[in-house]
Amino acid sequence: PAPLGAQAPAPSAGAPVLDSARLAALKAEAARSVDSMRTLAQQMVDQVFSYGHLGFQETETSRYLTGVLRKHGFTVQTGVSGIPTAWVARWGSGKPVIALGSDVDGIPQASQTPGVGYRQPLVEGAPGHGEGHNAGVPLNVVAALAVKRIMERDKLPGTLVLWPGTAEELVAGKAYFVRDGMFKDVDAVLFTHVSSDFSTAWGGQSSNGLVSLEFAFRGNAAHAAGAPWRGRSALDAVELMNVGWNYRREHLRLQQRSHYVVTDGGDQPNVVPSTAKVWYYLRETDYPRIMGLWAAADSIARGAALMTGATLDTVRVLGAAWPQHFNRPIAQAMHANIRAVGMPTWDDKDQTLARGIQAETNAADYKPRGLESQVARLGEHVPDEQKRGGGSDDIGDVSWVVPTVTLRFPSNIPDLPGHHWANAVSMATPIAHKGVTAGAKAQAMTMLDLMLQPTLLADAWRYFREVQ
């Protein structure tokens, strides 16, 4: 389909073209530069880990990261799209414009002492980086600084743009960035996301798009013991909606994922609840099917209201994410750079920590396997009939307005639950630091490919316009 809002033209061929030997030498120089910034990378990863902010609350995270970027010559715009914790940092001028993004928010109740292979929160009940979103922007900063040094010395044209995935866990940021034109002059987006492997992919993957919806019901209060017949329970409507959805779930596709939490269940047991709310994530592989889930949820909600005498007061969209589609030519170039960098060298302490937390969080018959030792193959497009559902990220919205890929870098531990305190265990340890350094090398090398091989950007835009 024709991409919505694809505004940037294919870059001209005016950029300098280097022979392969010179390009390889610059990539090696960038990798050495990344190595020289290992301490900075570690400091940033650990500092952001210490904040552990939830979505829209990333105040200290944003203040710290923008401070680092300003110190290194970037101009920073804050409050992007009306979001106080969103920002954009820029350096350089002219084409190509390369944007580096990564998420920054944490997970509720995932506070965890790093390097400890059992549950030990830093602050009981507090949020923490249970998905590892503390590492991606530091990776991008180091990669950008390595390339910036080469651009300054060799007087290379181009603009570097860095931005955070604010409130990604709420899928509530990137759609506004797209709407407000953050990517209108961007030639390529290199996104990063923490992983236990070292990989990238092109096309549509097994992840889903989603819509985040809040259903609010209204009833009538009454004394729950003295005159319950005079009340109409909004909470009853929420409970019946959830029951109805769970019966409907049997008849939905294997690819869908749907889940909910009750955010308002009334005030106290002796008062018939006059208000109640339930928050749903509805996930499917494409827009029509996501809208189909929404329509089914609407019908079930109205039926629940009819059964209880309550009313369906409002249905609010709290967030959304389009299904992702990543760019094949850029992914192929990035994969070659991943292979050139290779996996980090894990020592015995790294492997001991990994196997310990794997044993802690898996079934008794699970055999801990430790950290990955080989880079993953290049991920290819997954046909819809082969998909079996999965998570979501609003980088999907970005992928439909500019050629985009995601670099998955190896700073976490395989076979953990995800969105869990265990996934925070490695994220301020040498495992995370080594993974970020390896990822920053691949990111910087891919940036150089985009800057110095105009045919790569031309091929990327051709794929974007004609294939995607």
Side-chain angles (χ1 to χ4, degrees), residues 1-20 22-24 26-27 30 95-102 140 143-144 147 156-161 183-193 197-207 322-341 375-383 393 395-409 439 441-468:
L4 176 65
Q7 298 157 312
S12 69
V17 181
L18 298 188
D19 62 73
S20 58
R22 177 59 176 152
L23 180 57
L26 288 179
K27 287 183 178 183
K95 291 284 192 175
V97 180
I98 302 172
L100 312 179
S102 195
N140 287 339
V147 173
L156 298 177
T159 305
L160 308 182
V161 180
F183 307 100
K184 67 181 179 182
D185 64 342
V186 171
D187 296 306
V189 170
L190 304 182
F191 195 69
T192 63
H193 198 285
D197 63 18
F198 199 5
S199 66
T200 191
W202 63 270
Q205 299 301 297
S206 58
S207 59
W322 273 79
Q324 304 160 22
H325 192 110
F326 294 127
N327 191 268
R328 185 174 187 173
I330 301 177
Q332 290 171 330
M334 178 173 278
H335 178 68
N337 292 323
I338 290 170
R339 288 178 57 85
V341 172
V375 300
R377 65 175 182 81
L378 174 64
E380 298 182 347
H381 178 73
V382 180
D393 190 312
I395 190 60
D397 294 61
V398 180
S399 75
W400 290 99
V401 297
V402 61
T404 302
V405 297
T406 292
L407 168 68
R408 299 180 66 83
F409 60 95
K441 291 177 182 179
Q443 187 83 317
M445 293 160 71
T446 307
M447 293 165 68
L448 290 170
D449 281 329
L450 291 167
M451 295 179 64
L452 300 172
Q453 297 191 84
T455 55
L456 175 57
L457 273 176
D459 290 345
W461 277 93
R462 188 176 302 111
Y463 177 90
F464 180 80
R465 291 191 172 109
E466 299 177 6
V467 179
Q468 181 171 333

Approximate separation, where rounding is to 0.5 Å, of [X] [atom1] and [Y] [atom2]:
X	Y	atom1	atom2	result
Phe198	Arg339	CZ	CZ	12.0 Å
Leu452	Leu457	CG	CG	10.5 Å
Asp393	Gln205	CG	CD	13.0 Å
Thr406	Ile330	OG1	CD1	11.0 Å
Leu190	Leu100	CG	CG	5.5 Å
Arg408	Ser199	CZ	OG	5.5 Å

Does the pair Val375 and Asp197 meet the rule for a side-chain contact (heavy atoms from CB on, under 4.5 Å), with working shown? CA-CA 7 Å; Val375 300; Asp197 63 18; over 6 Å; no
Do [X] and [Y] have side chains that approach each other closer than 4.5 Å (heavy atoms only, starting at C-beta)?
X	Y	answer
Phe191	Phe326	no
Thr404	Asn327	no
Met447	Leu160	yes
Pro403	Tyr463	no
Trp322	Ile395	no
Lys95	Thr159	no

With a 4.0 Å cut-off on N to O distance, would you call Asp449 and Lys27 a salt bridge? yes
Would you sort out whether Trp202 and Val405 count as a side-chain contact (heavy atoms from CB on, under 4.5 Å), showing the intermediate values? CA-CA 7 Å; Trp202 63 270; Val405 297; over 6 Å; no
Polar side-chain atom of [X] near backbone of [Y] as donor-acceptor pair, under 3.5 Å:
X	Y	result
Gln468	Arg465	no
Asp459	Pro329	no
Trp400	Pro323	yes
Lys441	Ala143	no
Ser399	Asp397	no

Which word best sums up how the rings of His325 and His381 line up, parallel for under 30°, tilted for 30 to 60°, or perpendicular for over 60°? tilted
Just by distance, with hydrogens left out, do [X] and [Y] show a side-chain donor and acceptor under 3.5 Å apart?
X	Y	answer
Asn337	Thr446	yes
Gln443	Asn140	yes
Thr192	Ser102	yes

What is the minimum heavy-atom distance between [X] and [Y], and which atoms define it?
X	Y	result
Val161	Val97	CG2-CG1, 3.7 Å
Leu450	Ala188	CD1-CB, 4.0 Å
Val341	Ala442	CG2-N, 3.9 Å
Val186	Ala99	CG1-CB, 3.8 Å
Pro96	Asp187	CA-OD2, 3.1 Å
Ala331	Thr200	O-CG2, 3.4 Å

Report the C-alpha distance between Ile338 and Leu407 in whole Å, list the side-chain angles of each, state the deciding distance to 0.1 Å, and finish with yes or no for side-chain contact (heavy atoms from CB on, under 4.5 Å). CA-CA 9 Å; Ile338 290 170; Leu407 168 68; 3.6 Å; yes
